[in-house]
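Notes for the one structure printed next.
FYI, side chains are in, hydrogens and waters are out, and symmetry mates aren't considered; it's all heavy atoms of this structure. On a predicted model such as this, the values are computed, not experimentally measured, just so you know.
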Amino acid sequence: MEEFTVRTTAQLPTLLKAFRKTAKLTQADVAMRLGVTQQTVSAMERNAESVSAERLMKLMSILGVDLVLRARPATSIDAGRELQTLDSW
């Protein structure tokens, strides 16, 4: 299966719609499984940045999509900054 690197929320609408169509699901199908209206699913696909993480995870589960977090390869200068950022969590 093909992988997609998503770096901004602006990339999500196209990908979510494509995954839905690949799964041969209509917005109404997804809405029924999520317990929302078709209009809500349409809004989620158009404005993915406003979707809660919980709802996005449910949507991805319905679409058969996994969220994979992977550290970017970093230069030696960036690596130190990234580690400091992670340590502050």
Side-chain angles (χ1 to χ4, degrees):
M1 177 156 283
E2 197 167 353
E3 292 184 12
F4 301 92
T5 301
V6 178
R7 296 188 194 273
T8 69
T9 56
Q11 295 171 278
L12 286 174
T14 302
L15 288 170
L16 293 174
K17 186 174 181 179
F19 279 120
R20 177 178 55 77
K21 289 186 173 199
T22 298
K24 296 182 177 18
L25 295 170
T26 65
Q27 288 180 343
D29 295 330
V30 172
M32 186 173 69
R33 294 180 188 189
L34 272 176
V36 298
T37 65
Q38 177 273 324
Q39 291 84 357
T40 299
V41 173
S42 177
M44 289 170 65
E45 286 184 352
R46 285 190 323 271
N47 303 305
E49 66 275 358
S50 65
V51 178
S52 71
E54 181 179 358
R55 188 169 275 179
L56 184 60
M57 295 301 291
K58 287 179 183 176
L59 174 59
M60 290 189 309
S61 178
I62 290 167
L63 300 178
V65 176
D66 292 323
L67 174 66
V68 177
L69 301 177
R70 168 180 35 87
R72 293 184 199 155
T75 64
S76 59
I77 294 171
D78 291 337
R81 278 192 221 123
E82 289 177 13
L83 288 175
Q84 288 173 343
T85 302
L86 289 174
D87 286 341
S88 66
W89 282 52

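- Note that OG1 of T37 is 10.0 Å distant from CD of Q27, once rounded to the nearest 0.5 Å.
- No donor-acceptor pair closer than 3.5 Å links the side chain of S42 to the backbone N or O of Q38.
- Considering every non-hydrogen atom in both A23 and L63, the closest pair reads CB-O, 4.3 Å.
- Both V51 and F19 belong to a single network of hydrophobic side chains, linked directly or stepwise wherever heavy atoms of I, L, V, M, F, W or Y lie under 4.5 Å apart.
- At most 12 non-hydrogen atoms from other residues, nucleotides or ligands lie less than 6.0 angstrom from CD of E54.
- Of all the heavy atoms in N47 and S50, the pair that sits closest is O-OG, 2.8 Å.
- The same ILVMFWY cluster, assembled from side-chain heavy atoms under 4.5 Å apart, contains both V65 and L15.
- Smallest separation of non-hydrogen atoms from A48 and L16: CB-CD1, 4.1 Å.
- In the hydrophobic clustering of this structure, M57 groups with L69; members are Ile, Leu, Val, Met, Phe, Trp, Tyr whose side-chain heavy atoms approach within less than 4.5 Å, directly or through other members.
- Considering only heavy atoms from C-beta on, R70 comes within 4.5 Å of T5 through its side chain.
- Residues that satisfy the salt bridge (Lys or Arg N to Asp or Glu O under 4.0 Å) test with K17, not counting sequence neighbours, are absent from this structure.
- Side-chain contact between I62 and L25 is present, with heavy atoms from C-beta onward closer than 4.5 Å.
- Proximity of T40 to R55: side-chain heavy atoms (C-beta onward) are separated by under 4.5 Å at one or more points.
- Residues M44 and L12 share a single hydrophobic cluster, defined by chaining ILVMFWY side chains whose heavy atoms lie under 4.5 Å apart.
- Checked by atom type and distance alone, the side chain of Q11 pairs as donor or acceptor with a backbone atom of T8 at under 3.5 Å.
- In this structure, K24 NZ and D29 CG are separated by 12.5 Å, a value rounded to the nearest 0.5 Å.
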